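Reviewing the structure listed below.
The first residue in the sequence is number 1, and the count goes up from there. Note that this is a predicted model, so its numbers are computed, not measured.
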Amino acid sequence: KFKPGRYPLWGNFYFRFWLLRRIESLAATSLLTGTPLLNWYCRAMGAKIGRHVFIDSHVIHIYDLLKLDDFSSIGNEAQASGYSIKNGYLTIGSIELGKHSSIGTMTVMSPNTRLGDDAGLGGLSFLAEGLCIRDRETWAGSPAQKISGSRRSVDLEISSSAIRSILITGAHLLGFGFLSLILTISSYPLMRLFDWAAEAFGEGYALLTTPLLAGLFILFFSLQIIAVKWLFFGRQRPRHFAINSAFYIRKWFVDLLLKT
């Protein structure tokens, strides 16, 4: 397990840390963002994850020192890596989020930082090492500073039954299978067209069709994304939705298509 501390660069500990990072990068955790599957992965790696936690970023590395309490959330592409490198040393520290706390999109949390209950850190903010945001405070900016002291969470009724959790997880897994189907539908006709050109005119001339086929693939895939978006959503108005609702599953799948 990782322990808080400062370690010299290019030493034995740093080499093991670097090697683990390289191995971990082979895992497709970016595809798991925004799903309960990423919560399970983080727990398996040593993190303490509470109930109904939402993690929409894969930029997490020091799992042993990560603690996310109930109903906390990490925004899209936020960095809670748990380490920093400066002045020739690798610094490893803890990151903690209290109940109903949240960090925004592309926010950076340094090692040894903490958010209290109902606390918030705005998007594109940077929280320097060693700082703690107290309960019900909101900070923002780079470096982050206090902007509000009366933050309250929005309470939504969320079902926590085991059966519902299994169904939601299954829906996410089904979404990955549906993604593979859409990619196959987009690429298979073009692969057949390439095979036909190779048989009719030879492989050399068939290669000349590659730019056209690539363009057609992008066109077909984009049309399918548009169709899925309108089929799943139509036109929407601003509302609150629980993260284990059918609406969120549809939103997550459209986002997954857009990221592919």
Side-chain angles (χ1 to χ4, degrees), residues 24 27-60 63-78 80 95-105 115-120 151-185 224-225 227-260:
E24 186 188 351
T29 53
S30 61
L31 295 177
L32 303 181
T33 56
T35 76
L37 298 172
L38 185 56
N39 294 19
W40 291 359
Y41 177 84
C42 290
R43 289 190 184 102
M45 293 291 285
K48 297 179 180 178
I49 309 296
R51 298 181 305 113
H52 302 298
V53 170
F54 179 76
I55 307 174
D56 200 20
S57 173
H58 68 285
V59 191
I60 299 171
Y63 297 93
D64 300 311
L65 302 178
L66 177 67
K67 181 180 179 182
L68 306 179
D69 217 331
D70 297 346
F71 295 94
S72 59
S73 63
I74 295 179
N76 183 252
E77 296 300 324
I95 290 179
E96 297 184 15
L97 272 66
K99 292 182 179 179
H100 293 280
S101 63
S102 64
I103 62 175
T105 299
L115 271 67
D117 294 344
D118 288 296
R151 183 179 187 269
R152 290 289 182 178
S153 60
V154 176
D155 292 325
L156 295 176
E157 184 178 348
I158 298 179
S159 172
S160 58
S161 68
I163 295 178
R164 187 177 183 85
S165 297
I166 293 173
L167 290 176
I168 292 298
T169 303
H172 284 99
L173 292 173
L174 186 62
F176 287 120
F178 195 27
L179 172 63
S180 300
L181 177 62
I182 289 179
L183 291 173
T184 301
I185 292 174
Q224 289 180 87
I225 292 176
V228 169
K229 184 270 177 189
W230 285 105
L231 178 64
F232 281 15
F233 288 127
R235 293 189 181 276
Q236 291 296 322
R237 55 186 177 84
R239 286 184 291 172
H240 291 291
F241 295 93
I243 59 174
N244 61 354
S245 64
F247 180 89
Y248 174 76
I249 296 294
R250 300 199 306 270
K251 176 194 175 299
W252 165 80
F253 182 71
V254 173
D255 289 345
L256 180 65
L257 287 176
L258 294 173
K259 290 190 298 184
T260 302

| message | So does Thr105 get a backbone contact from the side chain of Asn76, meaning a donor-acceptor N/O pair under 3.5 Å? | response |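 Not confirmed, Asn76 side chain does not pair with Thr105 backbone.
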
When rounded to the nearest 0.5 angstrom, what distance separates [atom1] in [X] from [atom2] in [Y]?
X	Y	atom1	atom2	result
Ile168	Leu173	CD1	CG	11.5 Å
Ser72	Ile103	OG	CD1	9.0 Å
Asn244	Leu167	CG	CG	10.5 Å
Asp64	Met45	CG	CE	8.0 Å
Leu181	Leu174	CG	CG	10.0 Å
Ile55	Ile243	CD1	CD1	10.0 Å

So do [Y] and [X] actually touch side chain to side chain, heavy atoms under 4.5 Å?
X	Y	answer
Phe253	Leu257	yes
His58	Leu32	no
Ile74	Ile60	yes
Leu65	Ile95	no
Glu24	Tyr63	yes

| message | Tell me which pairs pass side-chain hydrogen bond (donor to acceptor under 3.5 Å, both in side chains) where either residue lies in residues 229-238, with sequence neighbours left out. | response |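 Matches after skipping sequence neighbours: Gln236-Arg239.
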
| Selection residues 32-49 - residue pairs positive for side-chain hydrogen bond (donor to acceptor under 3.5 Å, both in side chains), sequence neighbours left out |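 Listed once each, the pairs are Thr33-Lys259.
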
| request: Using a cut-off of 6.0 Å, state whether more than 12 heavy atoms not belonging to Leu258 lie near its atom CG. | output: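 Check passes, neighbour count above 12.
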
| query | Parallel, tilted or perpendicular for His172 and Trp252, by the 30°/60° rule? | reply |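 The rings of His172 and Trp252 stand perpendicular, inter-plane angle above 60°.
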
| task | Specify whether His100 and Phe71 have parallel, tilted or perpendicular ring planes, treating 30° as the upper limit for parallel and 60° as the lower limit for perpendicular. | result |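 Parallel: the ring planes of His100 and Phe71 meet at under 30°.
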
| field | Minimum heavy-atom distance between Leu37 and Phe176, given as atom pair plus value | value |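 Between these two residues, the closest heavy atoms are CD1-CE1, 3.7 Å.
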
| query | Which heavy atom in Gly104 sits nearest to a heavy atom in Ala78, and how many Å separate them? | reply |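 The pair with the smallest heavy-atom distance is O-CB, 3.5 Å.
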
| field | Phe247 ring center near Phe232 ring center (under 6.0 Å) | value |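 Phe247 vs Phe232: aromatic centres not under 6.0 Å.
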
| Does the distance from a Lys or Arg side-chain N to an Asp or Glu carboxylate O, for Asp117 and Lys99, drop under 4.0 Å? |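 Salt bridge flag = no for Lys99 with Asp117.
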
